[in-house]
Amino acid sequence: MRIAIIGQSNFAADVLELLLDRPNIQIVGVFTIPDRGSREDILATTAIIHNIPVFKFACWRRKGVALPEVLEQYKSVGATLNVLPFCSQFIPMEVIDGALLGSICYHPSILPRHRGASAISWTLIEGDEVAGFSIFWADDGLDTGPLLLTRQTNLEPTDTLDTIYKRFLYPEGVKAMGVAVDMVASGVAPKIIQAEVGATYDPAMFKTENQVINLQATAEKIWNFVRGLDSVPGAIATVLHENGTEEQIRLFGAHLYSAGPVSNGKVLRLRGLTKTAWIHSGGLLIEGTDGAFVNIRRIKRGTKVINASEWFKQAEDQSITDFSEDEMVKRSLVAGIWKAILKEDVDSSTDFFASGAGSMDVVRLVEEVKETFDVPLQNEQVFMAPVFEEFFSLLVRFLRQASACSDDQQLNFQAFTLKANKREIRVPTQLFINGEFVDADSQRTLEIVNPTNEEVLCKVACASATDVDKAVQAAHSAFYGSWRQITPRQRGQLMLNLADLMERNKEELATIESVDSGAVYTLALKTHVGMSIEAWRYFAGWCDKIQGNTIPVNPARPNNILTFTRKEPIGVCGLITPWNYPLMMLSWKMAACIAAGNTCLIKPAQTCPLTALKFAELTVRAGFPPGVINVLPGKGSDAGQAVADHELVRKLGFTGSTPIGKHIMKSCADSNLKKCSLELGGKSPLIIFADCDMDKAVRHGMSSVFFNKGENCIAAGRLFVEDRIHDEFIRRVLKDLRTMTIGDPLDRSTAHGPQNHKAHFDKLLEFCRRGVDEGAKLVYGGCRVPHLKGYFFTPTVFTNVTDDMFIAQEESFGPIMIISKFNGSDVDSLMQRANRTEYGLASGVFTKDIGKALNFADRIEAGTVFVNLYNKTDVAAPFGGFKQSGYGKDLGQEALNEYLKTKCVTVEY
Ligand code: NAP
């Protein structure tokens, strides 16, 4: 059989390739449309590859009469069957009837329903339950010829013009054309006369006037009309602006919306709509005449498709103009990719779609750009930036984000200039919400006091519940929006960028921390800031290694079952931290939270929020999208409580005292049963056996209590010293204390700085007074450091402390060493005494006997055990308490799980 293929497009090219495989068939000619510019139709290109003669006609007839030269060329191929897979031209009857066996034609509806050029659109617009196609014997162009075969499929509520074409009409249509040709070849092709019952001839939707949506209709009719024209050409609506002007737009991504109306929407006036339309966070919500709702996700405005929810936002994605040299090189590479796809020269104003690109070209563009530049580009974004300049700006934005070269980015904030440590450091003083520094809604401020001289350093915005709500909304939008677009590996890269920036600014951060919290500068540098950086680097590594399990479960015979788990982020997390290691507590929690893929807001302690605000500035420079990280200094009873109470916060990570921890846990339960992890107080026992390395025991014993002026949650709250070395141990401790340098924390020789704030300082005085009243022996300190302004508390030692005393039971959180004696023969009693506390955070033992040490480790009820050292924490090792020291871990892989939820998926196959 000699076949002439008349038509165009990928569909026709695929039919051609299919027929080429048939041994009894020869394709004698391909008739298609002329090139558009330098762009040849794919059918012609395919035919040329297979050495098939190609004829390109602009038209086949003039004034109703077939063009003789065209007829002559058609006849020259001697076809016995004409195959019309997809043909947009009017073919004269001389050609239709010119082949011995006639002409067969593909039509995208089940004839006779929906005759005409826009049959697929009308299938959706009319709300049909089935869609399909027909192959019929071509007639005079009105789709009335006898049927050869039909195929059908159910229409799904999620179907649009695009999906029905891609999932059924195209792939099944190509196959069916092959079947139809085979039937003709073997002489079994029927010719079934079309019934006129139910026949319609529908208007052509390529005419603009037919694309205008009638909004005086039910929600279902509006929905069907939009999806019938989605994605090409898009239903037309007109926006009536407040200033009296009008703007034509096109609507895409419609779905019925049963959760309407919305509470937080802003009204948009549309011509012809008597009910209301709102722009809201999910798109454009339109009320139909029946009171039901339809939601529109995307709007085409001019040449650009935007998320409907962003209608009222200022065009924040302005084109970039300050391209670097390197970016200009990349520009030529992108232009090269566009040129190869569009087969035409590309300049700034080239419109991808106006130049003839289709959906497969979008896929190719996205894949090539992703491969070349390793950016998380999505197909949808091409529709949103179809003009070359916009597209390139989008790409540059991605690249800048990834490489964090946004260091130079302009970021506006109110700041105070800290002049300290031979530096001038600008520290933001506003709340950080949704990527911007803003004033508190109430305009209230917190006075930040320098504990070294008791003077007010600056005033910082003080968040209220209203500000917390704004931050939660921003974090919520980011969680379901921009943050989802970032792949785990890119997330890790952002965290590494941030860690690098912290490293570059570590002296600044340590200076702020030292001035704000009273931490000795060298310690701030190494621990407060150093360990924060390590936490960000450590957790960055986890981002792309968060994985679930495949679990063998009982099969449901005769079928099989596959069960697997996914570890997913929880959502918006609230973080509340204390004042002892402001930046480190933030980093321990937030790095795990962010690595797991959550968004967050943090309320740092009201007394020292400055490093958190400087940190917020660095997150912008590192390229974190707005809303992912929010920082809100404020009071615990107000802003902190609002975080714990908020219904959109799904997880609360808290570090602080046990009483507040208990209160917060209740709030978590009462609000929305949010998951919470609590790192609370401690009264950690440290046992020093007589067989220890005495030098080491004294050195570590000192730091177990006096490290960071005792403002250390794992500080040894009580030392048990074996009676044989008790006096010697105390003698050596006192000797070291007498030479301890106390003073300005920024001075490199200082070993002991001021306590964090006045209320805490006063509590320490009270703590010591109670110890003395209860009969403990105060052998050193217990008072303010004489002649020094600032909250300087003398390192203190109590001996003869018995188990029933307040100072033996309660945490001081200050530089107060509490010493009790024990007898080495009575380890059982010793263990009972060490465990006789409701806390269970940390513990320590000094002995050269490994058996004794491991025995202690077995029996002590504490989350951390140190043997022959103290305070050695590491970002890879889990950290957290037992009993009323809370639950849930910071650091290590276990911390990640605190910020993940497990989803179990079971599949039968
Ligand atoms: P805190 O009084 O419990 O305060 C901790 C945080 O909670 C602060 O940000 C505080 O805000 C906030 N807060 C207070 N009331 C709140 C409420 N009703 N709702 C929500 N948030 C509220 O503890 P702290 O005095 O700052 O810190 C010292 C305690 O922390 C000690 O007990 C120490 O052992 C513990 N800690 C434990 C660990 C650990 O890992 N286990 C580590 C460090 C410290 P304000 O700023 O307004 O007070």
Side-chain angles (χ1 to χ4, degrees), residues 451-452 513-514 517-520 522-524 527-528 578-582 584-585 605 607-608 655-658 679-686 698-719 730 733-734 736-738 740-743 745 750-771 776 778-785 788 790-799 801 806-820 837 839 841-844 864 866 870-873 881 885:
T452 306
E513 189 91 326
S514 183
S517 78
V520 168
T522 43
L523 181 76
T527 304
H528 292 234
W579 38 259
N580 58 333
Y581 295 104
M584 195 171 86
M585 291 296 101
T607 54
C608 22
T655 297
S657 62
T658 298
E679 298 289 341
L680 307 177
K683 187 73 179 171
S684 304
L686 171 61
V698 171
R699 205 168 61 247
H700 285 270
M702 294 276 292
S703 79
S704 77
V705 176
F706 302 118
F707 191 77
N708 199 40
K709 346 144 219 168
E711 292 166 2
N712 184 18
C713 54
I714 52 170
R718 196 169 172 200
L719 272 64
I730 290 168
V733 165
L734 293 181
D736 284 359
L737 277 184
R738 284 187 197 104
M740 189 183 261
T741 331
I742 302 174
T750 299
H752 183 83
Q755 301 307 136
N756 187 280
H757 56 276
K758 182 163 190 314
H760 177 54
F761 179 84
D762 291 343
K763 257 172 82 179
L764 293 180
L765 287 173
E766 171 60 17
F767 188 90
C768 291
R769 192 192 55 73
R770 270 188 94 158
L778 178 65
V779 293
Y780 196 85
C783 57
R784 181 186 268 274
V785 176
L788 264 186
Y791 309 125
F792 288 95
F793 195 88
T794 317
T796 299
V797 179
F798 274 103
T799 60
V801 179
F806 175 81
I807 63 169
Q809 293 299 322
E810 279 311 316
E811 178 185 35
S812 73
F813 215 49
I816 303 175
M817 187 179 271
I818 309 285
I819 301 180
S820 303
T837 161
Y839 294 112
L841 193 55
S843 62
T864 294
F866 295 117
Y870 207 88
N871 280 332
K872 174 65 190 159
T873 51
S885 288

Subject >> Heavy-atom pair with the smallest gap, counting every atom of L841 and G682 >> reply: CB-CA, 4.1 Å
Original post:
What are the two closest non-hydrogen atoms of F706 and P795, and how far apart are they?
Top reply: CE2-CB, 3.7 Å
**OP:** Please report the closest heavy-atom contact between F798 and A776, naming both atoms and the distance.
**Re:** CD2-CB, 3.7 Å
Original post:
Where do V801 and R718 come nearest, in terms of heavy atoms and distance?
Top reply: O-NH2, 3.9 Å
Subject >> Gap separating the CG atom of L523 from the CD atom of E513, nearest 0.5 angstrom >> reply: 9.5 Å
Original post:
Are any side-chain N or O atoms of T799 and backbone N or O atoms of I819, one a donor and one an acceptor, separated by less than 3.5 Å?
Top reply: no
**OP:** Kindly assign one of parallel, tilted or perpendicular to the pair F813 and H760, based on the angle between their ring planes and the thresholds 30° and 60°.
**Re:** perpendicular
**OP:** Hey, could you give me the CG/NZ distance between N580 and K709, rounded to the nearest 0.5 Å?
**Re:** 8.5 Å
**OP:** Could you tell me whether a side-chain N or O of N871 sits under 3.5 Å from a main-chain N or O of S703, the two making a donor and an acceptor?
**Re:** yes
**OP:** Mind telling me whether Y791 and F761 have parallel, tilted or perpendicular rings, with 30° and 60° as the class edges?
**Re:** tilted
**OP:** Work out which heavy atom in Q755 is nearest to a heavy atom in G814; give both atom names and the distance.
**Re:** NE2-CA, 4.4 Å
Original post:
Going by heavy atoms in the side chains, are C713 and E679 under 4.5 Å from each other?
Top reply: no
**OP:** Please assess N708 against T527 for the test side chain to side chain donor-acceptor pair (under 3.5 Å), listing each intermediate value before the final yes or no.
**Re:** CA-CA 10 Å; N708 199 40; T527 304; over 6 Å; no
**OP:** Report yes if some heavy atom in the side chain of H752 is under 4.5 Å from a heavy atom in the side chain of V520; otherwise report no.
**Re:** no
**OP:** Flag the pair P754 / P745 as yes when at least one side-chain heavy-atom distance between them is below 4.5 Å, and no otherwise.
**Re:** yes
**OP:** Check whether any side-chain heavy atom of L686 lies under 4.5 Å from a side-chain heavy atom of F866, and answer yes or no.
**Re:** no
Subject >> Polar side-chain atom of S885 near backbone of G681 as donor-acceptor pair, under 3.5 Å >> reply: yes
Original post:
Considering only heavy atoms from C-beta outward, does the side chain of I818 approach that of K683 to under 4.5 Å?
Top reply: yes
**OP:** Rounded to the nearest 0.5 Å, what's the gap from CD on E810 to CZ on R770? Could you check?
**Re:** 8.5 Å
Original post:
How about L680 and Y839: do any of their side-chain heavy atoms sit closer than 4.5 Å?
Top reply: no
Subject >> Nearest-0.5 Å distance, OH of residue Y780 to CG of residue L737 >> reply: 5.5 Å
Original post:
Where do S812 and I807 land on the side-chain contact (heavy atoms from CB on, under 4.5 Å) test, with the steps shown first?
Top reply: CA-CA 8 Å; S812 73; I807 63 169; over 6 Å; no
Subject >> Distance in Å, S657 OG paired with E811 CD, rounded so as to fall on 0.5 Å steps >> reply: 8.0 Å
Original post:
Of the non-hydrogen atoms in P578 and A605, which two are nearest, and what is the gap between them?
Top reply: C-CB, 3.5 Å
Original post:
Is there a side-chain contact between P451 and N756 (heavy atoms, below 4.5 Å)?
Top reply: no
Original post:
Hey, does Y581 have a side-chain heavy atom less than 4.5 Å from the side chain of S517?
Top reply: no
**OP:** Could you tell me whether R769 and E766 make a salt bridge, using a distance below 4.0 angstrom between a side-chain N and a carboxylate O?
**Re:** yes
**OP:** Could you go through the side-chain contact (heavy atoms from CB on, under 4.5 Å) check for E711 and W579 one step at a time?
**Re:** CA-CA 9 Å; E711 292 166 2; W579 38 259; 3.5 Å; yes
Original post:
Does any N or O in the side chain of T864 come within less than 3.5 Å of the main-chain N or O of A842, such that one atom is a donor and the other an acceptor?
Top reply: no
Subject >> Separation of S843 OG from Y870 OH (nearest 0.5 Å) >> reply: 7.0 Å
